[in-house]
Structures are given as C-alpha cells and as structure tokens.
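For reference, the structure discussed in these notes is given below.
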Protein chains: 2
Amino acid sequence: MKQITKYIIKNSLKRIFLYRACLVRLRLMGVEKVFSYTLANETGVTSEQVRKDFSEFGIKGNKRGGYDINDLLEKMEKIFHRNKDHNLVLIGMGNLGLALSKYSKFVQRNMNIVATFDIDPFKQKQRSDIPVYSMDRLKEIVDRFRVKVAILAVPEISAQEVADKLIRHGIKGIVNFAPVLLKVPQDVIISNVNLCDELESVIYYVHKQIKVDGLKNLELLYKDMKY
Amino acid sequence: MKQITKYIIKNSLKRIFLYRACLVRLRLMGVEKVFSYTLANETGVTSEQVRKDFSEFGIKGNKRGGYDINDLLEKMEKIFHRNKDHNLVLIGMGNLGLALSKYSKFVQRNMNIVATFDIDPFKQKQRSDIPVYSMDRLKEIVDRFRVKVAILAVPEISAQEVADKLIRHGIKGIVNFAPVLLKVPQDVIISNVNLCDELESVIYYVHKQIKVDGLKNLELLYKDMKY
DNA sequence: TATATTTTGTGATTTGTTTCACATCAATTT
DNA sequence: AAATTGATGTGAAACAAATCACAAAATATA
C-alpha cells in the first residue's frame, strides 16, 4: 500500500515555468508579442523545444504572428490553476521553516501559507507573522482552509511520521525539505528539495571540470550533464 | 561568451546520492552488506538501474557477494570528493540566507560556509555565528579559503550582478536560489533551486490527480511523470 | 490578386535512458 | 570435484525525449 513514490517533476513542466517567468519579465518591459525563438534565446533552449512544450500543454499561437504575451500568460494561469488561491500549511518552524514562512514570493504567486506547525509552537510564535500551532490542530486547519499541499521542513527523524499524519488528514502533495525518501500512497505527490545534494552535485561537477584542465575537454564533460 | 547554461544535474547522480543516504542509514543499523535489490527496494528504483548507475560511476561489487557497505561508501566518498573539506561562501543574508547559514547538514557533510556576505553586513551580524562581510571583501575571502562554490540567496534583482562578481573572483559553481536564469560562461556550473516552481509543480500534479476522479485513471496520470 | 516571406505545428529521425535478458563469476551444496 | 544457486555486469531491445525538416498558415509585398 504505502510505497516509495519518487515523482520527478517533468522537465517540460520546469521549462514551462521558465517561459512564464520570462514572459512576465517581457510584459513588464512593455513587450506584447513573442516568437518561439525569443523565448528560446531567453531561456537557453531551442525554439522547436519551446513549440513542442507548448504543444504538449495544448498551447497554440498564430502562424507567422507568434504568440501574444497576455494571451499566453492567461492560458498558463489556467493550466497551472494560478487563477485561484492555494492554501498551504508549513510544518516545522526551525531555521528553514521560519525562512520559508517569510518567503514573500509564495504570496505573490497566490500561494498562501495559512498556518504553520511546530512541536513547540510557543518558542517560535514571536518570530513569525503567520500563526504557529501545535500539531494537534492540524486537522482543524486543513479542513477549514481546504489545504491540499504542505511544505515539510521538520528534522529528518520525524519527517516520515509527520508525512503520515498529513496524508491521514487529507494532504495530497508535499514539498519535502527533509533529506529522506518518504513512503507514501501512490496518489500523493512528493517533490524533494535536498539542499546538500544540490551543493554536492555542484561540487562534483566543478571538480570534474577543474580536472579536465581548463576548458580543453568541454565536450567530454557535457556528455555527463543533462541539458 | 557569457550565455545561459542550464545544467540539470543528471538523474543518475541524484540516484547515487539516494543510494548513499540509504547506505549510511543501513550502516548505522549495523548492516554490512547490500545487494542491488536491497538498494533498489529502499530507494524505489529497479535493481538493474542500481547496477547500471554503479557501472556508470565505475563502482564494482562482487559477483554473488553483493556490495560491502563500507567499501561502497568509501568509493563514493572518493568519487564525490567527500574525503576533503569544501569551503563555501554564501551571498545574501536575508531570511533564506540566514537559514542556510545555520543549516547544520552542510557541515556534517564537510561543506563549510567560511563567510557570508550582504550589502548591509551590520544588520545581520548579530543573528549569525558565521562572519558577515560586505561584498568588497569577497575577493580576499575567496582567495584565502580557495573557495570554488557559492550559495546565492540574494534578491532576484541583484542576482546576475552578484553572480558576475563571483565568477570574476574565481567562483566556478553556484547554487542559485534567486528565481532568475543566470547568464554565465560555459565553464561555470549552476544549480537552480526555485522554491515557487517546486510548489507550483506539486499543486499542478495534485489538481490533475484530483480531476481524474480519485484513483480511477492513474495510468494516464503516470504517463505525465518521469519516474 | 499572386508571390514571397516568416513563423507555427508536427511527423520523422536521432539521441539518450531504462529495462530486459543472459553470460559470467563466486559461493554453496551434493 | 561437479553441479547448483544467486548475484553481478553489460550488450541488446524498448522506450522516451530532443532535434530536424518541412507542410501549412498567416502576413507582407509586388
């Protein structure tokens, strides 16, 4: 029943986010129309890739005319359910949890942390603007705000236990900052953010690069990276 | 010269990190030997995948005997340069930067943040154990500690400018938390951590899942996720 | 109105990754 | 000592993703 489900966010979806960020920036600059190669240049992919990605998500442009930025962004909003607000809970108000609770970008993108939870809610309460509750009020909050997605920033030792509780109370998606592979039912979406792994990957590639003395053998190196 | 280079950390490398975490845990439990399918079960991949990944990184076991955990971990340490210490700098002591500067897991894995930097070093100094400098001391520190990798946690507006400065002073790898695509020379490794995108991806998949009423049409859903 | 131009959208092809299938080897049993 | 068992390691096959190449459409030009 409960099993390891490792969902790796599709690369095409990641690219779509990239395009969107780029479109938002362009719109701010007053640009109204883009071509696939505009986006391609800005995001470091090929223009065919842009069009293929759009096609995958059912986004159409006008032949010769390219894409209308407003129209494009509107379509994306719809696809990513960005037209409505999303309520989140955050579990674990340690250093990282606290920082995440103050991360203003979430709000800017209609994602609201409605409550945070900690085993010691009183310790943190003063430092945060968002209410800090103890875990026994989880169900109440999740139900009241119809929360479907949680951010998990607890120590690794308690991550699985907390995840179980979240899922029992109806959470369907978790962004997990604890460096453990959570065992969850098949219908729960997990996205792991492992800070150490990110750093170690970079260190690994940097050392590899340094070893191939300077820029001599870049071709060889690139074969080892997925672009 | 300077261009967008989007390095996506290879999936096989990510899996290797997974295996390692698993091995460390098993060793702690007193286990001394593993088979490819042990690791496979624990990490949610297939045993062939484990062996192929090992083969890619030149790791060999003993036929029939499986793998000796200590031996395996030692080999991995070497491959990932974990046998020596790595000095890092962290730029941007906002909420996130502060949390990262206190993240104890880095130290546990031989990655030491030797100094942090902020445009307003005095504001943050009291809150941190690690020295907080202003950017003009960057070169001095990078040279003294032979720093090759930086963590970038500055606002997106200044991310590119700071990245340029880092690279000018010899930084070869950056873990970038700012939601912008940095333009860097080809020989610089970038790993982007985009918190909003992670959350939005999860929200996207959760909604998709909810739409296919319950668990009816899971097959269809899974086609959209890379496992 | 006809022609040329430009850009999309998508089958066909190539390239990359995962799974399959089995030869190979080492340990154990007979 | 031979036969059997159970694991690794890896080419071959299947699958997935990215690139190529070009038809179709919309606009501009003559």
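Reminder, nothing fancy here: chain letters follow the sequence lines and each chain counts from 1.
Atom CG of A:Asp53 is separated from atom C1' of C:dT10 by 14 Å (rounded to the nearest Å). Between A:Ile16 atom CD1 and D:dA17 atom C1' there is a gap of 15 Å when expressed in whole angstrom units. Computed from coordinates, the B:Lys14 NZ to C:dT17 C1' distance equals 16 Å when rounded to whole Å. Look at CG on A:Asp68: it is 16 Å from C1' on D:dA26, rounded to the nearest Å. As rounded to whole Å, 13 Å separates atom C1' of C:dT15 from atom NZ of B:Lys10. We find that CD of A:Gln49 is positioned 14 Å from C1' of C:dT14, with the value rounded to whole Å.
Comparing the helix axis at one end of the helix from C:dT1-D:dA30 to C:dT30-D:dA1 with that at the other, each defined from 5 consecutive pairs, gives an inter-axis angle of 10° (nearest 10°).
Among residue pairs with one or both ends in residues 60-72 of chain A, those qualifying as salt bridge (Lys or Arg N to Asp or Glu O under 4.0 Å) are A:Asp71-A:Lys75; sequence neighbours excluded. Residue pairs meeting the ring-ring contact (aromatic ring centres under 6.0 Å, His included) criterion with at least one partner in residues 41-62 of chain A, sequence neighbours excluded, are A:Tyr19-A:Phe54, A:Phe54-A:Tyr67. Here salt bridge (Lys or Arg N to Asp or Glu O under 4.0 Å) pairs that include residues 145-154 of chain A, with residues two or more places apart or in two chains, number zero.
For B:Asn112, the side chain to side chain donor-acceptor pair (under 3.5 Å) partners two or more places apart in sequence, or in a different chain, are B:Asp85. Residues satisfying the side chain to side chain donor-acceptor pair (under 3.5 Å) test with A:Gln49, not counting sequence neighbours, are none. Applying the side chain to side chain donor-acceptor pair (under 3.5 Å) criterion to B:Ser47, with sequence neighbours excluded, gives no partner residue.
Classification of B:Glu200 and A:Arg20 as a salt-bridged pair holds, one side-chain N sitting under 4.0 Å from a carboxylate O.
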Review item, side-chain donor-acceptor pairs of residues 100-108 of chain A, under 3.5 Å, at least two apart:
from, atom 1, to, atom 2, distance (Å)
A:Ser101, OG, A:Leu98, O, 2.7
A:Lys102, NZ, A:Arg127, O, 3.3
A:Lys105, NZ, B:Glu156, OE2, 3.2

Reading 5' to 3' through nucleotides 4-14 of chain D, protein heavy-atom contacts under 4.0 Å coded B for base, S for sugar-phosphate only, - for none: -BBBBBBBB--

